[in-house]
There are 2 protein chains.
Amino acid sequence: MYVENVGEFLKAHGIKPSYQRVKIYEYLMGTMEHPTVDNIYNALSGEIPTLSKTTVYNTLKTFIEKEIAMVITIDENETRFDADTGLHGHFKCLSCHRVYDFEVDVREEDQETLEGFEIKEKQMFYYGICKNCKQGS
Amino acid sequence: MYVENVGEFLKAHGIKPSYQRVKIYEYLMGTMEHPTVDNIYNALSGEIPTLSKTTVYNTLKTFIEKEIAMVITIDENETRFDADTGLHGHFKCLSCHRVYDFEVDVREEDQETLEGFEIKEKQMFYYGICKNCKQGS
DNA sequence: GTATCTGCAAAACATTTGCAATTCT
DNA sequence: AGAATTGCAAATGTTTTGCAGATAC
């Protein structure tokens, strides 16, 4: 999903479009890197010299509450974020540590064990070696 | 998988079966709770009064290197562990916070996007409300 | 007796909180 | 001016590291 006017988009989701919030959302939407708080802070602190990490934390928390971003816990030591909240999987390369998106077949299958459970969200994490790293070696 | 003799099992995987390691593995294997380091420490420090969290951390790290346990990053704030390293999914109840296992159909499907990628591990995390909590409400 | 393992204390990191200053309308 | 937002500094919580003492073979 491509959002042309981030300010309007935030408003439409009940978030006041402050300068910082707009910039953070634009960055999150425009990158494929599933950045950490630190990544976002470093990427934007040149452009917004007064930016603080607290604001990045606050802003991401707001985005998640309003469901325009999601947390990706693919690694124990780093919390990553994604502006794409639709169903898709994530692949983490154990060599270059990049995180790739992949399509997921939405077939409802397998979980007999979950009879009577209400599923609200699904996350799919794969780990391995990516195409680039395999060719390089 | 049920292990009768944990000492032998650890040896077979290249781990010296110290008292602490045996107890920690027995606990991990015997619980369905996918415990955190804190859970394990609290559960065993009665029985092993001198136990330290450092030892729990060290031991789990060893188990993971030797692939007799795995990390479950289903929640950002707590690293959980599981002695079952086979393919299965985890469901986290957003109400009672319990983590349930579920069977996964091993059908190889969907990931055209991952052509040329080598997949070494898969994790599947579902979030929602469990049967118990639905009935209770 | 030498290697390894354990566990304390301190260090390192990530995240949260309290609060004062700033910004927006 | 009033309400919300930002950002600093301190607090919290978790995991790692350094090292000395204990344990095992």
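We name chains A, B, ... by the order of the sequence lines, and we start the count at 1 in each one. Remember, it's a predicted structure, so these values are computed and weren't measured experimentally. Only this structure's heavy atoms are used, side chains among them; waters, hydrogens and symmetry mates stay out.
Where K53(B) and Y19(B) each meet DNA chain D at their nearest nucleotide, the meeting point lying more 5' is that of K53(B). Take the nearest nucleotide of DNA chain C for L51(B) and for N58(A): the residue whose nucleotide is more 5' is L51(B).
Using a 4.0 Å cut-off, some side-chain N or O of Y57(A) falls inside it from OP1 or OP2 of dT15(C). Distances shown here put every side-chain N or O of T55(B) at or beyond 4.0 Å from the OP1 or OP2 atom of dC5(C). In this structure, S18(B) does not reach the dT23(D) phosphate: none of its side-chain N or O atoms is under 4.0 Å from OP1 or OP2. Between Q20(B) and dG7(C) there is a side-chain N or O to OP1 or OP2 distance below 4.0 Å.
Straight-line distance from the NZ atom of K23(B) to the C1' atom of dT23(D): 18 Å, rounded to whole Å. As a whole-Å value, the separation of L60(B) CG from dT14(D) P is 15 Å.
Using a 4.0 Å heavy-atom criterion, one finds that K16(A) contacts the sugar-phosphate atoms exclusively.
Pairing partner, dT23(D): none, since no Watson-Crick or wobble contact has both distances short of 3.5 Å. For dT15(C), the paired nucleotide is dA11(D), the pair qualifying as Watson-Crick or G-U wobble because both relevant distances are below 3.5 Å.
Of the charged side-chain nitrogens involved, at least one lies within less than 4.0 Å of a carboxylate oxygen, so that D75(B) and K92(B) count as a salt-bridged pair.
Defined by atom type and a distance below 3.5 Å, a donor-acceptor pair is missing between the side-chain atoms of T55(B) and N58(B).
In this model, a side-chain donor or acceptor of T54(A) finds a partner on the base of dC8(D) within 3.5 Å.
By the rule that hydrophobic residues join a cluster once side-chain heavy atoms approach within less than 4.5 Å of another member, V71(B) and Y27(B) end up as members of one cluster.
Using bins of under 30°, 30° to 60° and over 60° for the plane-to-plane angle, the ring pair H90(B)/F125(B) lands in the tilted bin.
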